[in-house]
Amino acid sequence: MLKMTGNTGAWAVLLWPVLFTKCIPLDCPDEQGGLSRCPSISQEKLLDRVIQHAELIYRVSEESCSLFEDMFVPFPLRLQRNQASYTCITKALPIPSSKTEIQQISDKWLLHSVLMLVQSWIEPLVYLQSTLDQYDNAPEVLLNKTKWVSEKLISLEQGVVVLIRKMLSEEMMTATYSEQALFQYDVQPEMLESVMKDYTLLSCFKKDTHKIETFLKLLKCRQTDKYNCA
């Protein structure tokens, strides 16, 4: 078990109300259990729902990262992460990063980028849940946040797939990069290394969820005001 120190009681009062925010389901299952084209919902409303989910996921990921940082990562270690070679697992993905690149890519590539990012984080979040369970003093609120985000990420993936079908008329999506190829598991990492790895995962996930939200909002802007989207 990983023994950590920290005052968990102070965090209990937060109760992160966003966790209990009711999210409208993104997927539209048909009678066979598969995802249909969601004929009952317009493309515009579906995009709004996807953006809502992305916003909530980013907000909770930000809260989770801050909570973990305050509980388990002393300030010197935060500097160490910034100076050391801790890289994000999605660095290898062909995702646009600069403002110029993002402005120039097509709607199709925006959606594909969102889907790649979402799919790449599903397995790492499952792994993160298992490692956080080993922290003796991990507050329940952090564990619940991680579980909630993991579940909502799958819902977001389903919504993005349906959105792609509606907007691009693409029946099948095949991920070029699998999360297993991107993410490597350590069997029994040292305590400090495990903390820093988890901290890196949370930090990178927060960064990528913000990118997902940005891409989706840019896509929304292009649908309404194509020539004035910054």
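A quick note: this is a predicted structure, and the numbers were derived from the prediction, not measured.
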Q.
Can you list everything that forms a ring pair (Phe, Tyr, Trp, His ring centres under 6.0 Å) with Phe205? Sequence neighbours excluded, please.
A. Trp121
Q. Minimum heavy-atom separation for Arg222 to Gln103, with atom names?
A. NH2-O, 3.0 Å
Q: Look up atom CG in Leu128 and atom OG1 in Thr146, then write down how far apart they are to the nearest 0.5 Å.
A: 5.0 Å
Q: First locate atom CG of Leu56, then atom CD of Glu213, and finally report the distance between them rounded to the nearest 0.5 Å.
A: 9.5 Å
Q. Taking the side chain as C-beta and beyond, is there a heavy-atom pair between Arg49 and Ile41 under 4.5 Å?
A. yes
Q: Scan residues 202-211 for pairs that pass salt bridge (Lys or Arg N to Asp or Glu O under 4.0 Å), counting only residues two or more places apart or in two chains.
A: none
Q. Going from CD on Glu151 to CD1 on Ile122, what distance comes out if it is rounded to the nearest 0.5 angstrom?
A. 12.5 Å
**Q.** Minimum-distance pair of heavy atoms, taken over all atoms of Pro94 and Trp109
**A.** O-CZ2, 3.3 Å
Q: Determine whether Glu62 and His210 make a side-chain contact, defined as any pair of heavy atoms from C-beta on separated by less than 4.5 Å.
A: no
Q: State, yes or no, whether a side-chain contact exists between Asp107 and Leu111 at a heavy-atom distance under 4.5 Å.
A: no
Q: For Lys220, enumerate each residue passing the salt bridge (Lys or Arg N to Asp or Glu O under 4.0 Å) test, keeping only those at least two apart in sequence or located in another chain.
A: Glu44, Asp48
Q: Would you give the length of the straight line joining atom CG of Leu115 to atom CD1 of Ile164, rounded to the nearest 0.5 angstrom?
A: 4.5 Å
Q | Partner residues of Ile102 under the side-chain contact (heavy atoms from CB on, under 4.5 Å) criterion, sequence neighbours left out | A | Pro96, Phe215, Leu218
**Q.** Non-neighbouring partners of Ser64 that pass side-chain hydrogen bond (donor to acceptor under 3.5 Å, both in side chains), sequence neighbours left out
**A.** none
(Q) Using the side-chain hydrogen bond (donor to acceptor under 3.5 Å, both in side chains) criterion, which residues pair with Ser150? Sequence neighbours excluded. (A) Gln129
Q.
Which heavy atom of Val60 sits nearest to which heavy atom of Val149, and what is that distance?
A. CG1-CG2, 3.4 Å
**Q.** Nearest non-hydrogen partners of Ser120 and Leu93, listed with the distance
**A.** OG-CD1, 3.4 Å
Q. What are the two closest heavy atoms between Gly159 and Leu46, and how far apart are they?
A. O-CD2, 4.4 Å
**Q.** Verify same cluster id: Tyr199, Tyr58 (apolar side-chain graph, 4.5 Å)
**A.** no
Q.
Test of understanding: with side-chain contact (heavy atoms from CB on, under 4.5 Å), list the residues that count as partners of Ser97, not counting sequence neighbours.
A. Glu101
Q) Which value, rounded to the nearest 0.5 Å, describes the distance between Leu132 atom CG and Asp198 atom CG? A) 5.5 Å
**Q.** Results of side-chain contact (heavy atoms from CB on, under 4.5 Å) for Ser130 - residues two or more places apart only
**A.** Tyr127
Q. How far apart are the closest heavy atoms of Phe72 and Val195, and which atoms are they?
A. O-CG1, 3.9 Å
Q. Strictly by modelled atom types, are Ser61 and Thr209 linked by a side-chain donor-acceptor pair under 3.5 Å?
A. yes
Q: Mind checking salt bridge (Lys or Arg N to Asp or Glu O under 4.0 Å) for Lys147 and listing every partner two or more places apart, or none if nothing turns up?
A: none
Q.
Any non-hydrogen side-chain atom of Lys166 less than 4.5 Å from a side-chain atom of Leu47?
A. no
**Q.** CG-CD1 distance between Leu110 and Ile105, expressed to the nearest 0.5 angstrom
**A.** 3.5 Å
